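This report concerns only the one structure given below.
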Amino acid sequence: MAIQESDLMQKIVSLSKRRGFVFQSSEIYGGLKSAYDYGPLGVELKRNLMAEWWRAMVHEREDVVGLDASIIMHPDVWKASGHLAGFSDPLVDCRNCKERFRADKAPKVEAGTDIDYLEGGKKGGKKLKAKAERSYVCPQCGSPDLSPERQFNLMFRSNIGPVDVLGRITEVVERERNLTGADLRAKIEEVVKESAVYLRPETAQAMFVQFLNVQQTMSMKVPFGIAQMGKSFRNEVTVEHFIFRSCEFEQMEMEYFCEPGTQGQWLDYWVEQRMAWWRAFANNKDKFRTRAHEKAELAHYADRCYDIEYDYPWGWGELEGVASRTDYDLKKHSESSGTKLSYFDQNKNDPATGKPGYRYTPYVIEPAAGATRGLLVYLIDAYHEEAVPDAKGEDATRVTLRLHPRLAPIKVAVLPLVKKDGMPEAARKVVDTFFKAGINVRYDEQHAIGKRYRRHDEAGTPYCLTIDGQTLTDGTVTIRDRDTMKQERIAADRALEVVQERLRKI
RNA sequence: GCGGGACUAACUCAGUGGCAGAGUGCAACCUUGCCAAGGUUGAAGUCGAGGGUUCAAAUCCCUUGUCCCGCUCCA
C-alpha cells in the first residue's frame, strides 16, 4: 500500500508513542522543545543499533579501540578546537544576502555614508543604495542592511563548583556601577568564565585529547582508530523533524589516525564501509546515498568530506558525515596543551631527511554518525502497511515494522494459544530458555492470538512462537515469521537454536 | 527567525456559546482453539496552560507552551 509521504512522519510519530519507542520529554509538563525520551522499545532499538555499530567498528576490527569520555571536559579543549570562538564574538546576519559573519572581521566603513550594493548580492541584481548605520558592512555583498549583533551560544554552558555564579555576578554589578553595555558584559563574562564548563557539542574532541594515552596503553600502530558513542549537546538554531535534529542527541564517532598523504584512500575506504553498514540493516537500500561536499561547504578543519544521506519523507538529509579532518585537531591540541600529539614510526624513514625514524602528526578520517538519526532512519525504513482481510473478511490494514531482526527490540514473542490446559506453563518453559541465552523475549497471553500477532508486528518482533494443543502431546511449537506471516512447526526444545540461527545468518 | 495549521480519554478523531462524545485501546470475567474473534461489566478527560468577555466558554478574545507544514537559518 502506498503511503503518502506527508502522512508517513505522522504515522511514525504516532506509532512511536503508541508502542513505546519515543515519547516527548516531560510531556505531562507540556513538553520540552526538541527533547525526547526513548521508551521501552525505543531504548532496545537504540541499544541494538549502537551495539551493532560498536561490534562492526571495534570488536570485529584489530585496528580500532574504544573510549568513553566525560561529557564535561576542560574548557580549554573547546578553545583549542575552535568551538568557543563563536561564543564571545557577536555574529551578524546580512539581511540582503543572508550571510552570517563576525562583526569584528567585517570590512570597515564610516558610519553614515551612502553605500551602493546589489540586491541579493547577485550579479545583475537591482542596484541599491543605503546609509551605513554601523561602522562595517557585509563581507559578502557589501550591504549595510544588517541584523543586530547577537551572541550565539552553540554550546550549553554551565558552571562547575558549589559556589553560585549569580552571587559573583551580583558582586561585579554592584562593584562596577559606572560600567554599562559591552564593558559590563565583559566584566561579568570574566567572572563567569572562571568556573564555566561546557557540555560537549561532539564526542570527537575527547578522542584527540586522549590520543596519546590510547595509542600508548594499547600499543596501537598507525593507522588505527578510536571509537566512541555518547550524548552530545548543541543549541541548534532550529530543531526539526521529530528526533532528526534536537539539542541533545547521541553520536557514534570514530577517529581514524593515518599517515599524511594516505588520507584520501582511507576516506574512500571509510565512506564505503559506512555505506555498506547502513545498507546492511535496511529494507530500501537505494534510499541511502553519498554526497561529496563542495569546497565552499567544507568545515575549516576538513580537506574533503562526504555525507551519507537518507531519503527522509521531507527529502534527502544527512545521516552520517565522513570527514577528512587533516591534522588540524591534533596540531591545535598540541599547541594549546604543550603536549606533543604525534606518532613516531621506527620502521620508516623521514621523507624530509631520509634518515631512519619518522615522526609526524597523523591525519584523521572521521566517520561521525547520528545514533538517534539512525534510529529514525530505520523506523522510517521499517514502516510498512499492507491490506489484509480480517477474520470477518473485511479489508483491514496490517502495520508492520520490518526492522532487521538484529535491531528489533523484542526478538521473540512466546504465545500460548489460549491461557488454559497447561499452555501458559509450557510457554513459560520456552521463555526461560531464551532468558538464559540472553535473547530478549516476551511472554504474552493477553487477548486473542490474532491481536497478539498484530501487536508484535507493530513492535517489529520478527518471530512469534505459539504453544498450542499439539505442543502438549508432541512437544512442537509453531514459529511465525513477521513479514510473511508463514508458520512452521518445530520442536519446542529446538526453538532457541532455530531463532539463534536466524539471528545469526542475516 | 517569518508565515500558516493543529492541540478534546492511552491512540485516532467528532463536537463552533447551553449536561463531555464516538471508535479503537485498557481492566475484569465469560466464551474461544492461529492472524486486530464474540459477549458482559468497568475505569478512564484540569477540552495544552494562564488570563479575559459572558448568566453560561472545549467553542469568542488576549497571552503563552508544544507539535506539524512551508520558507529562512544552521551544518
Side-chain angles (χ1 to χ4, degrees), chain A residues 5-20 23-36 39 86 91 93-95 97-100 147-148 150 152 154 201-202 234-245 247 249 291 293-294 296-302 305 307 309 313-315 317-318 320-321 323 368 370 373 386 388-400 415-421 423 446-458 464-472 477-482 484-487 489:
Chain A
E5 292 213 324
S6 53
D7 296 340
L8 180 56
M9 275 309 285
Q10 279 177 15
K11 286 177 172 175
I12 284 167
V13 172
S14 170
L15 184 142
S16 291
K17 182 177 177 186
R18 189 169 68 245
R19 288 290 175 234
F23 305 127
Q24 172 149 48
S25 163
S26 321
E27 191 182 74
I28 63 169
Y29 285 102
L32 182 65
K33 198 170 196 144
S34 171
Y36 295 92
L91 297 178
D93 289 316
C94 173
R95 292 196 174 112
C97 74
K98 312 302 181 195
E99 177 79 0
R100 173 170 289 172
S147 77
R150 281 180 291 214
F152 278 78
L154 163 77
E202 60 177 23
R234 288 179 200 170
N235 274 317
E236 296 287 352
V237 175
T238 45
V239 292
E240 57 188 354
H241 301 308
F242 194 40
I243 57 174
F244 175 77
R245 177 174 284 127
C247 292
F249 59 106
R291 188 181 65 82
H293 276 212
E294 310 271 335
E297 202 181 351
L298 289 172
H300 59 282
Y301 50 74
C305 185
D307 276 351
E309 296 189 325
W314 59 89
E318 189 185 353
E320 172 161 0
R373 276 187 188 178
E386 64 190 303
V388 174
D390 63 17
K392 286 172 267 178
E394 286 170 34
D395 283 349
T397 304
R398 185 171 84 108
V399 175
T400 315
L415 317 169
L417 191 58
V418 290
K419 48 178 169 182
K420 61 177 188 185
D421 300 337
M423 289 183 207
Q446 287 171 308
H447 306 293
I449 188 72
K451 265 188 199 174
R452 282 177 272 166
Y453 285 148
R454 294 299 165 87
R455 200 161 48 218
H456 279 287
D457 288 341
E458 266 198 347
C464 290
L465 294 172
T466 305
I467 279 69
D468 57 12
Q470 200 177 328
T471 309
L472 307 169
V477 297
T478 61
I479 181 166
R480 169 190 182 268
D481 182 89
R482 174 193 67 203
T484 64
M485 294 195 282
K486 290 214 176 92
Q487 287 176 281
R489 192 162 275 280

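Just the heavy atoms: all of them, side chains too, but no hydrogens, waters or symmetry mates, feed the values below. Quick caveat: nothing in here was measured; it's all calculated off a predicted structure.
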**Distance, C1' atom - from rA20(B) to rA57(B), rounded to whole angstrom** = 13 Å

**Complete:** The reported gap from NZ in K486(A) to OG1 in T478(A) (rounded to nearest 0.5 angstrom) is 15.0 Å

**Request:** For rG25(B), take OP1 and OP2 only and decide whether either is under 4.0 Å from a side-chain N or O of K451(A).
**Result:** yes

**Request:** Looking only at side-chain atoms of E458(A), point me to the closest of rC68(B), rA36(B), rC67(B).
**Result:** rA36(B)

**Closest to side chain of R245(A), choosing from rC74(B), rC68(B), rC34(B)** = rC74(B)

**Prompt:** R455(A) side chain N/O closer than 4.0 Å to the phosphate oxygens (OP1, OP2) of rC26(B)?
**Reply:** yes

**Prompt:** What distance, rounded to whole Å, do you find between the two C1' atoms, one in rG21(B) and one in rC61(B)?
**Reply:** 26 Å

**Asked** To the nearest 0.5 Å, what is the distance between CD1 (I449(A)) and CD1 (I467(A))?
**Response** 9.0 Å

**Message:** Using atom P in both nucleotides, what's the gap between rG38(B) and rG23(B) to the nearest angstrom?
**Reply:** 13 Å

**Message:** Under 4.0 Å, counting only non-hydrogen atoms across every strand here, what does D457(A) touch: a base, just sugar-phosphate, or nothing?
**Reply:** nothing

**Item:** Interatomic distance at C1', rU41(B) relative to rC11(B), whole Å
**Value:** 23 Å

**Message:** Check this one for me: any side-chain N or O of H456(A) less than 4.0 Å away from OP1 or OP2 of rC35(B)?
**Reply:** no

**Message:** Among rC67(B), rA36(B), rC34(B), which nucleotide has an atom closest to any side-chain atom of R19(A)?
**Reply:** rA36(B)

**Per H241(A) side chain, nearest of listed nucleotides rC69(B), rC68(B), rC34(B)** = rC69(B)

**Asked** Does H447(A) place a side-chain N or O at less than 4.0 Å from the phosphate oxygens OP1/OP2 of rU32(B)?
**Response** no

**Prompt:** Of the nucleotides rC35(B), rA27(B), rC34(B), which has the atom closest to the Q446(A) side chain?
**Reply:** rA27(B)

**Asked** Does the side chain to side chain contact (heavy atoms under 4.5 Å, CB included) test come out yes or no for V399(A) and R19(A), once each step is laid out?
**Response** CA-CA 12 Å; V399(A) 175; R19(A) 288 290 175 234; over 6 Å; no

**Asked** How are the rings of W314(A) and H241(A) set relative to one another: parallel (under 30°), tilted (30 to 60°) or perpendicular (over 60°)?
**Response** parallel

**Request:** Apply side chain to side chain contact (heavy atoms under 4.5 Å, CB included) to R18(A) and S14(A), showing your working.
**Result:** CA-CA 6 Å; R18(A) 189 169 68 245; S14(A) 170; 3.4 Å; yes

**Request:** Assign K420(A) to base, sugar-phosphate, or nothing according to its heavy-atom contacts below 4.0 angstrom with the strands shown.
**Result:** base

**Request:** Return the value, rounded to whole Å, for the distance between atom CD of Q24(A) and atom P of rG48(B).
**Result:** 15 Å

**Message:** Suppose you measure atom P in rC60(B) against the same atom in rA14(B); what distance do you get, rounded to whole Å?
**Reply:** 15 Å

**Prompt:** Looking only at atom P, what distance separates rC19(B) and rA58(B), rounded to whole Å?
**Reply:** 10 Å

**Asked** Can you find a heavy atom in the side chain of Q446(A) that is under 4.5 Å from one in the side chain of K419(A)?
**Response** no

**Request:** Name the nucleic acid region contacted by D307(A), choosing base, sugar-phosphate or nothing; use a 4.0 angstrom heavy-atom cut-off, strictly under.
**Result:** nothing

**Asked** Which base, if any, makes a Watson-Crick or G-U wobble pair with rC35(B), both distances under 3.5 Å?
**Response** none

**Request:** Describe the nucleic acid contact of I449(A) in one word from base, sugar-phosphate, nothing, applying a heavy-atom distance below 4.0 Å.
**Result:** sugar-phosphate

**Message:** Distance check, C1' atoms only: rU12(B) and rU53(B), in whole angstrom units.
**Reply:** 33 Å

**Message:** Quick check on side chain to side chain donor-acceptor pair (under 3.5 Å): which of R398(A), R452(A), R482(A) does D457(A) satisfy it with?
**Reply:** R398(A)

**Prompt:** When the C1' atoms of rU46(B) and rC68(B) are considered, how many whole Å apart are they?
**Reply:** 25 Å

**Prompt:** Is any side-chain N or O of R480(A) under 3.5 Å from a base N or O of rC35(B), one able to act as donor and the other as acceptor?
**Reply:** yes

**Message:** Can you build the contact string for nucleotides 2-12 of chain B? Use B for base contact, S for sugar-phosphate-only contact, and - for no protein heavy atom under 4.0 Å.
**Reply:** --------SSS

**Asked** If you take atom types as modelled and just measure distance, does the side chain of Q487(A) reach the base of rC35(B) with a donor-acceptor pair under 3.5 Å?
**Response** yes

**Request:** Would you check, one step at a time, whether the test salt bridge (charged side-chain N to carboxylate O under 4.0 Å, His left out) holds for R291(A) with D307(A)?
**Result:** CA-CA 5 Å; R291(A) 188 181 65 82; D307(A) 276 351; 3.4 Å; yes

